[in-house]
**Student:** 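I'd like to ask some things about the structure below.
Being a predicted model, the structure only gives us computed values, none of them experimental.
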Amino acid sequence: MRLVDAEFQAMNGPTRRALHRWVEFPLLRLLGVKVHGHDVLEVGCGTGFGARLLMRLQPSSYTGIDLMPEMIELARQQPGLADAEFLVMNAADMGVFPDESKDVVIVFDMLHHAPEWRDVLRECHRVLKPGGQMFLEEVDSWAVRIWDALFHWDHPKAALFQRRELEDQLRNVGFHIRRRLPLLPFRLYCVAKR
């Protein structure tokens, strides 16, 4: 889904960048994210701020995708990302990427924007090499409902899944949950392709 203007502004503000840098990214590192020398795909890359953090870890290649052309345009303007590739793409259909072509997939808190979130997870599994890892951060649906009530962000109802639904779908598409880290209202996962 496209972000409404209010959420677009919130996701591009200094508070969001600070949370990304000082909370989310260190927690992903704690979960064991290693991208050095690996082919990395970031699903829902937004403005490319996550790409800046990931590129410091020297991946072999980095590709970020986002549904919103405005986000991709901002990502392409980020300094120091000449070697990064950014594509406008619906994550529910990533057919441009061959099967088993990525070592690591990163999903920073975007599934609650995707009514077809199950297909997104299926595609993430498809593009990962055997033994590849996905690092996923997602917010609990109760928090999304509160934000929608307070800020009128209007997330799609079909994307307001429960933690158990998310974990069941991860297993259903062939992931093994290696580690989880609850940090209310967020949950972070390290999952591996079997």
Side-chain angles (χ1 to χ4, degrees), residues 1-3 7 11 20 23-25 27-35 38-46 50 54 63-68 71 87-148 153-194:
M1 79 165 237
R2 292 183 53 81
L3 302 182
E7 188 174 11
M11 294 304 103
H20 208 48
V23 178
E24 295 167 315
F25 192 67
L27 288 173
L28 284 182
R29 299 285 305 269
L30 183 66
L31 280 174
V33 69
K34 291 180 177 71
V35 302
H38 292 300
D39 295 315
V40 176
L41 171 64
E42 184 180 4
V43 176
C45 66
L54 289 164
T63 303
I65 67 167
D66 202 285
L67 184 64
M68 293 181 64
M71 291 290 201
L87 303 170
V88 177
M89 186 180 302
N90 183 338
D93 180 8
M94 297 188 282
V96 69
F97 302 121
D99 294 355
E100 301 180 353
S101 58
K102 302 296 179 185
D103 299 297
V104 178
V105 173
I106 308 285
V107 185
F108 277 121
D109 203 27
M110 69 72 63
L111 289 179
H112 64 277
H113 294 285
E116 62 278 274
W117 63 274
R118 289 177 178 86
D119 295 329
V120 173
L121 292 178
R122 215 173 276 115
E123 281 290 273
C124 289
H125 184 271
R126 181 187 65 76
V127 302
L128 269 174
K129 296 175 183 175
Q133 293 184 319
M134 179 171 69
F135 294 87
L136 168 69
E137 176 195 358
E138 192 51 54
V139 66
D140 285 333
S141 60
W142 61 264
V144 176
R145 286 184 177 96
I146 291 170
W147 296 339
D148 283 352
W153 287 354
D154 301 324
H155 291 89
K157 301 269 186 268
L160 298 182
F161 48 83
Q162 302 294 321
R163 175 192 55 82
R164 175 177 233 147
E165 290 176 273
L166 173 62
E167 293 183 5
D168 286 348
Q169 183 64 11
L170 287 167
R171 290 184 192 96
N172 288 342
V173 300
F175 283 114
H176 167 70
I177 299 173
R178 287 193 170 162
R179 291 180 289 286
R180 24 171 114 69
L181 182 61
L183 180 70
L184 291 176
F186 300 94
R187 294 186 185 278
L188 292 93
Y189 295 89
C190 169
V191 299
K193 181 172 182 173
R194 294 186 192 136

**Student:** Which pair of heavy atoms, one from L183 and one from L27, lies closest together, and at what distance?
**Tutor:**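 So the minimum-distance heavy-atom pair works out to CD2-CD1, 3.3 Å.
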**Student:** With a 3.5 Å distance limit and no angle check, can you tell me whether E116 reaches the backbone of A92 through a side-chain donor-acceptor pair?
**Tutor:** no
**Student:** So which atom in A159 and which in A114 form the shortest heavy-atom distance, rounded to 0.1 Å?
**Tutor:** CB-O, 3.4 Å
**Student:** Main chain of L128, side chain of K193: is a donor-acceptor contact present, judged purely on distance under 3.5 Å?
**Tutor:** yes
**Student:** Parallel, tilted or perpendicular: which fits the ring planes of F175 and H125, with parallel below 30° and perpendicular above 60°?
**Tutor:** perpendicular
**Student:** Yes or no on side chain to side chain contact (heavy atoms under 4.5 Å, CB included) for F135 and V104, after CA distance, side-chain angles and deciding distance?
**Tutor:** CA-CA 8 Å; F135 294 87; V104 178; 4.1 Å; yes
**Student:** Between the side chain of R179 and the main-chain N/O of L31, is any donor-acceptor distance below 3.5 Å?
**Tutor:**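 Yes, R179 side chain to L31 backbone: donor-acceptor pair under 3.5 Å.
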**Student:** Less than 4.5 Å apart, side chain to side chain, heavy atoms only: is that true for C124 and M94?
**Tutor:**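 SC-SC contact between C124 and M94 confirmed.
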**Student:** What is the ring orientation for F186 with W147, classed by angle as parallel under 30°, tilted 30 to 60°, or perpendicular over 60°?
**Tutor:** tilted
**Student:** Could you tell me whether the side chains of E138 and Y189 share a donor-acceptor contact shorter than 3.5 Å?
**Tutor:**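 There is no such pair (donor and acceptor under 3.5 Å, judged by atom type) between the side chains of E138 and Y189.
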**Student:** Look at R163 together with D140 and state whether they make a salt bridge at an N to O cut-off of under 4.0 Å.
**Tutor:**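 Looking at R163 and D140, the cut-off is not met.
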**Student:** Output the distance between atom CZ (R187) and atom CD (E137), rounded to the nearest 0.5 Å.
**Tutor:**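 CD of E137 is found 12.0 Å from CZ of R187.
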**Student:** Between R126 and F97 (side chain of the first, backbone of the second, donor and acceptor by atom type, cut-off under 3.5 Å), is there such a pair?
**Tutor:**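 Flag set: sc R126 to bb F97 pair under 3.5 Å.
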**Student:** How long is the gap from CG on N90 to CG on D119, to the nearest 0.5 Å?
**Tutor:**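 So the CG of N90 and the CG of D119 are separated by 9.0 Å.
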**Student:** How far apart are the C-alpha atoms of T63 and K102, what are their side-chain angles, what is the distance that settles it, and do they pass the side chain to side chain contact (heavy atoms under 4.5 Å, CB included) test?
**Tutor:** CA-CA 10 Å; T63 303; K102 302 296 179 185; 3.7 Å; yes
**Student:** Are V191 and L136 close enough that some pair of their side-chain heavy atoms sits under 4.5 Å apart?
**Tutor:** no
**Student:** How many angstroms lie between atom NE2 of H155 and atom CG of L160, to the nearest 0.5 angstrom?
**Tutor:**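 Between H155 NE2 and L160 CG, I get 8.0 Å after rounding to 0.5 Å.
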**Student:** Is there a donor-acceptor contact under 3.5 Å from the side chain of D39 to the main chain of D103?
**Tutor:** no
**Student:** Test V43 against E123 for side chain to side chain contact (heavy atoms under 4.5 Å, CB included), laying out the working first.
**Tutor:** CA-CA 10 Å; V43 176; E123 281 290 273; over 6 Å; no
**Student:** Could you give the distance from CE (M71) to CD1 (I65), rounded to the nearest 0.5 Å?
**Tutor:**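 Here the rounded value is 13.5 Å.
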**Student:** Using a 4.5 Å cut-off on heavy atoms from C-beta on, say whether the side chain of L30 contacts that of L188.
**Tutor:** no
**Student:** Any heavy-atom pair between the side chains of L121 and L111 that's under 4.5 Å?
**Tutor:** yes
**Student:** So, taking the atom named CZ in R118 and the one named CG in D168, what distance separates them when rounded to the nearest 0.5 Å?
**Tutor:** 9.5 Å
**Student:** Less than 4.5 Å apart, any side-chain heavy atom of V107 and any of V120?
**Tutor:** no
**Student:** Show the nearest heavy-atom pair for residues H113 and D109, with the distance to one decimal.
**Tutor:**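 Answer, listing the atom of H113 first, then D109: CD2-O, 4.1 Å.
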**Student:** If you look at every heavy atom in G50 and H20, which pair is closest and at what distance?
**Tutor:** CA-NE2, 3.3 Å
**Student:** Locate the shortest heavy-atom distance separating G44 from M110; write the atom from each residue and the value.
**Tutor:**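 Closest approach of G44 to M110, heavy atoms only: CA-CG, 4.2 Å.
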**Student:** If I take atom NE2 from residue H112 and atom CH2 from residue W117, how far apart are they, to the nearest 0.5 angstrom?
**Tutor:**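 CH2 of W117 is found 13.5 Å from NE2 of H112.
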**Student:** State whether the number of non-hydrogen atoms from other residues, nucleotides or ligands found under 6.0 Å of R194 atom CZ is greater than 12.
**Tutor:**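 Result for CZ/R194: enclosed.
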